[in-house]
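Let me begin by presenting the structure, written as structure tokens, before commenting on it.
Keep in mind that this is a model prediction, so the values were computed, not measured. Every chain is numbered from 1, with letters handed out A, B, ... down the list of sequences.
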Amino acid sequence: MTTDTLPARKRGVSLSALTDNSQIVLIGLLAVLCIGISLAAPQFYSPDNAIAILRQCALVLIVAVGMTMLLVAGEVDLSVGASLAFTGCVAMDVTNRTHSVVLGALAALAFSGAVGLFNGLVVTRLKINSLIATIATMMILQGGVYLYTREAVQNHHLLDAFTAIGAGYVGPVPIPVIIAAVIFAVGYVTLRFTLFGRYLYAVGANLRAARLSGLRAERLKLLAFVITGLLVGVAGLILASLMNAGQPTAGRGFELTVIAAVILGGTSLAGGRGTLFGTLLGVLVLKIVDNGIIILRWNQDLQMVVPGLVIILATWLDIVRRRNDAR
Amino acid sequence: FAEKMPKKVGYVVNYATHEWYQNVIKGMKDRAAQLGFEVEVKDANLDAAKQIAAAEDFMSQGVDVLIITPVNEDAVVPLLRRAKQENMPIVLEGNPVKGMTTLVAICDYDTGYHAGVEAGKYAKEHLGGKAKVMNVGLPLLSATVLRSNGFMDGIKTEVPDAVMVHDLDGGGNPDRSFEVSAAALAQNGDVNVIYGINDSSSLGGLQAWKAAGKSQDDLLVVGTGGEGLAFINAIEKEPSYKIEAAMFPEKVGFTAIDAAVKLYNKEEVPSWIVSPTTPMLGDGWKKYYSVDGNVRTINWDAVNAVKAPDKCMKTAADLKK
Amino acid sequence: MPQSPSLSASGSASPGLARILFRRSEIGLVVALLAVILFFALASDTFLTVRNLTNVLGQASLAMIAGVGVAIVFISGEVDVSVGSLVAAVAIPLITVMNATESLALGIAAALALGLCVGIVNGFLAAYLGINSLITTLGTLFILRGGVYLYTGQKAIPDDVMLESFFQLGNGRLFEVVPYPALIAFALLLVFAYVMRHRTFGRKVYAVGGNPEVARLAGYDVKRVKFTCFIISSLLATVSGILLASRLGSAVHVAGLGFEFQVVAAVVLGGVSLSGGVGSLFGAALGVLILSFLSNGLGMLDLATEWQLVITGFIIIAAVGFDEWKRRQP
Amino acid sequence: MHAETLTRNEAIPLDVPALAMRGIGKRFPGVVALDGVDLTLMPGKVHALMGENGAGKSTLIKILAGVYGKDSGTIAIGGVETELKTPRDALKKGIKVVFQEIALISEFTVAENIFLEEYPRRADGSIAWKTIRAEAKALFDRIGFAVDPAARTGDLPVSQQQMVEIARALAHEAKIVVMDEPTSSLTPKEVELLFVVIRRLTALGIAVVYVSHKLDEVFEISDTVTVLRDGRHISTKPIGEHTHDSLIHDMIGRRIENLFPRSRTGSAGKVALSVEGLSTDTKLKDVSFEARAGEVLGFFGLMGAGRTELAKAIVGYDPIRTGRITIDGTALKPHDTRTAVSLGIGLLTEDRKLEGLMLELPVQQNMSLAALSSFAKAGFVDEGSERSAVQSFVDRFRVKTPSLFQPIKNLSGGNQQKVLLARWLMRGLKVIVVDEPTRGIDVGAKSEIFALIDRLAGEGLAVIMMTSEMPELLGLSDRIAVMAEGRLTATFSREEATQERILNAAIA
Ligand SMILES: Nc1ncnc2c1ncn2[C@@H]1O[C@H](COP(=O)(O)OP(=O)(O)OP(=O)(O)O)[C@@H](O)[C@H]1O
Ligand SMILES: Nc1ncnc2c1ncn2[C@@H]1O[C@H](COP(=O)(O)OP(=O)(O)OP(=O)(O)O)[C@@H](O)[C@H]1O
Ligand SMILES: [Mg+2]
Ligand SMILES: [Mg+2]
């Protein structure tokens, strides 16, 4: 009896030391998923599949970086899915007209940045709750994209550089993954180490206190919306390149995937709390679940059910962990 | 003998922002203009409840005939009942519904089937007689399931040991199709035929193939619908994109209007009017369409010459068994 | 100054219907609704007919019934977005049981049982386990929709017995004029508006949403109040689902896609705050009506869908923006 | 039934302790909040609970109210041992608490808040709104409290909200009434009202616990005093056995020589802040004054006189209609806190929770907020120097916190206030506006804050202090400005100022 309790207590200590890391639940979940899936389907670890997963993650992660900043600042953007589709059409259209990838990319960024600016202005100037404001923007963009083009904007320019953005490789690594990695790194440093990042947390945690301390709270939020917009532009460009067309029907449900990943990563909806590392883990978990279901040849309808369960489960485990930490 | 013309026909479309239905509407409006009346369109935007509401609104506005493309076939049964109570003639487009009087439809199964037969021939000739199919499908709708089933049955007539390696749900949209195809190809890339239930699906599958760095040399891509410019672009530029199952949406609209006029005049109308489809191989699309810049024009003579079967080989009713 | 949802300042008048209806914060909504109606009455000659107006009431009733429940959850300081999938899910037991037993009552009971279960799960996860309710209900939104697809194999389940009573429920009209769904919606609205104002439970919901800590200190079982709100919301969404199933004559796997957005937008438009404790059910109902008349009217104008989407988007921004602006005025 | 709540309950025996808490222990992560504390209440007596910020008073009260569970110890009510697991348990046992943080639903009317715990109902079970209004009115009349029961609670100034809270504790039958710093934002007149009410309660045999940092009040109202320090029980004595000094000594373990130190000798310097003809759309009317470097300018006014509004307007937080604000000769852009802060003016707000604290964030983030840019090089924050600066302020101000990473919501009110003051001092200002700087702060910390204000002024800062505490106003200010109904009615020099003249000007 007594010999049993001693190591048990020790284990308890080492476990609680581990749980100090706030992302422990997700890391654990990720490990369980990877091991579980690869046991059942060895192809999971094939380079092809790894690349496919990473490329999918890239698209979500790029936008999730901005969304994390927004949520930290206490706002949210539901229009990213609709904006993604629209931006892709703009990118392709402008590239077709100008035969310049640079101009196409700039047009995409300008467009999506403008959408971000619009959202930001509506939220900060008209003081509309961002959830409802960006639902409205989503409707406007969904309607707008069909006014702009009814059909997919085809690639008429045939510029290799354009195709490379989404489908190219540097060595064995797909270019979108590199872009996402760079954006993630920059975003991580920004949120964690810069004045701007620290201010975003302050604005999300207590808007009035931030304003009284001389922070331009509205400007900061606006900037977070614009950054999110610009990142949607990057993602839209990649998507257009991958699809080899600007697709007005793309991006349906994309906003929910992004937000789900960010929340799964431990970012609070109430503002003031969250990390990009968590977001990265959240994206990985969701996309690996998605991929695993196909690899395992399960019924694809589970691609809705399982993420739903995972999000609830992970959030609950996080609550349990924090409660234990507090003891 | 001169037919009476209705004053106004209302069309409740499933999803007006889709190019397929855009062309259906175009066919309707063109035909109605020829005959000298008006077609008004309300969009259900994939919402079954909104569809009922739109039809209700039309009935209270007093249109003479209703044309409906159901969001879901079972979901318009009560609507047909109410229309019958109010003596409102209804033409359905798409799929048969319990209690309907007249349907204008393509045969989804047959469309897939004939494309499958052509794909089988191509496989015998160019792919060493092997057919390993990745179906970028959409299980949500019975019509698209029929196309996939038809395609597999058709291809097997030529290549009896053809197999479906992947049966995917691409959601009918390009980015989702891309995503699931990429995962499926990573799991098992031993595929030489990609079939898409619409052009977005086949193109999504093809893009995933290209993104995986695979050569298109021993690949055949088959698309369905042929409603926009996307497939023309693909056939021109992608070496593997060889077959497109054309469904002539304009013709569907044209036929639906004719049926509406007949119903309005209380003429005898067959309960199932089939609108023709046909596989187009390689450059074959040029026979039916001409393209000038971004404008596509239908060649009515050629399309009207395509013979439609009297009856579909299989219908949604066969799926339920 | 925003008017409180509780006792208004006018001293002695009895808290009758008129006073409830004419609370100041709702006047703006009433005006907006009248403006929408007036505009379309002038713009379209088929808009202002009894038939069309009653049509819209019937169409709005689904969102209104679910909206009452969602508004109650919002007022309690939580969120429920699972209603979109729930309206599709409850049709399955409803239709299946009716097909098996030929009894409408048993079908409805089965649907309500499923709704109750979902409410219990949402409430348990959100209120008792403390999982953020947006996450919880987003999760159940996905799970239910996926479950419906899995169960039905992505096919609708048709109503084989075709009971007249079931058909009448969603499609019939009282005296050939007022659609039954509208009557049901109005009755439920009145009942819950009464509960929210004149029963302790309703006041507890406002208190819990207004300040959960204070509510706890006042001896309320905060978790149970929230739990109950989720159940109410799910049951009301179930009623919407039953009426929808009657209008669709089947259990349709794609029914209610995006319904949650529609309801949330309407409820927020109606002045129910996402942060809890603020808003009224009449406001929420007015929000639903405004959006319904807007959608109907734009349809009458023969506008393309894309324009309808764009215009609705701008109108939501304008309306909520105006409301916020008004609220900020001293 | 509710009308009779203020009559003596014969069932309460006067010789059995109304409450006996024994050996109560409670820990929070990293903090032992209570360590074996005893508290015995006798019916009909007022028992004061004293101690520094963070001593554990509120924690003890929250255990009594069923808000927190205790880790150890026993609680007996009327001689019967009980467990108080939830607030509901405590309410049922007749324990009514006026919490330190205002606990009202701001969207509800005053009357509804009064009856939040139990609504009077009609026979059919629906809420008797008429009864609620009538009884609230009757209750207010009885305790001499003039507020409209139909007003929205959130619209009331803090002081009135506090009165509503107090009234609420009386609306239902109680055996024990606990008041945690009830007077922290009351005016002297309201405090008098409150004392009348307390005396009436004790006459009915109700036991009262009274927590306050204001020694004078404690000496006036209480029968017995229990002192806590660092979560431990220090002493329980009849009030008659205490002097000011002995009580302070029990509380902080040392003596305070001079509560209002005055090290400044030289006269005030040049004008640091000048306000000319300031009016707002809401309350302020044509306010003009100057504040000089090195002086403390006190502002006095009755509740609602407009001091808080003035403070918020001059730091650019609220919009103004007309007027000119200059700092060191540079005109301030109105309604722009950023230029205000960069010109060197900052505000320590009255409402810590709503406008000061970032509750979920750690002490460090909270303290460095305003000064953060000074730790930044090329946009990057140098966390090393940030941490050492924060640590030095924590040491200097004796902020009681287990670490710099502790979420600030877990600190006691006084310690939170010190962190917020440090937020501005770290930034370095020319003018600091402090609105009720000592609200809810213990004598020890108060004397530290006074010394600090004195030192800051000595270092050439202009300090503008809005306060309702006459002693600290008179003790600290070099000049005193008095406001009434949004106007500046008088300005006195230190020599001219007397309590009477100030009050007269405030009523004018
Ligand atoms: N919820 C909590 N979590 C962690 N620590 C807490 C919590 N509540 C209180 N504490 C800590 O417990 C100690 C006692 O706090 P308490 O609020 O009881 O002090 P107090 O005597 O009421 O002080 P004050 O006079 O400032 O109100 C403090 O050190 C405080 O930081
Ligand atoms: N009628 C009112 N409606 C809403 N808020 C009010 C009202 N009157 C006062 N307040 C708020 O109450 C607080 C105090 O008001 P004000 O600035 O007028 O008085 P003060 O002189 O600072 O008095 P004190 O701070 O002692 O209450 C401020 O935050 C103010 O905004
Ligand atoms: Mg305290
Ligand atoms: Mg004040």
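- The minimum heavy-atom distance linking C/Tyr194 with D/Ser126 is given by the pair OH-CB, 3.1 Å.
- Atom CZ of D/Arg321 sits in a crowded spot, with more than 12 heavy atoms from other residues, nucleotides or ligands closer than 6.0 Å.
- Pairing each heavy atom of D/Arg88 with each of C/Tyr220, the nearest pair is NH1-N, 4.4 Å.
- Rounding to the nearest 0.5 Å places NZ of C/Lys204 at 9.0 Å from OH of D/Tyr119.
- Heavy atoms of D/Asn113 lying under 4.5 Å from chain C are absent altogether.
- Residue D/Ala103 comes nearest to C/Leu217 through the heavy atom pair CB-CD1, 3.9 Å, listed as atom of the first residue, atom of the second, then distance.
- The 12-atom threshold is exceeded at CZ of C/Arg199, counting heavy atoms of other residues, nucleotides or ligands nearer than 6.0 Å.
- Only the side chain of D/Leu91 comes within less than 4.5 Å of a heavy atom in chain C; its backbone stays farther off.
- The closest side-chain heavy-atom distance from C/Arg216 to D/Val67 is below 4.5 Å.
- The shortest non-hydrogen separation linking D/Ile127 to C/Arg203 is CD1-CG, 3.2 Å.
- A 4.5 Å side-chain heavy-atom check between D/Ile105 and C/Tyr206 finds every atom pair outside the cut-off.
- The distance from the CG atom of C/Asn211 to the OG1 atom of D/Thr153 is 11.5 Å, given to the nearest 0.5 Å.
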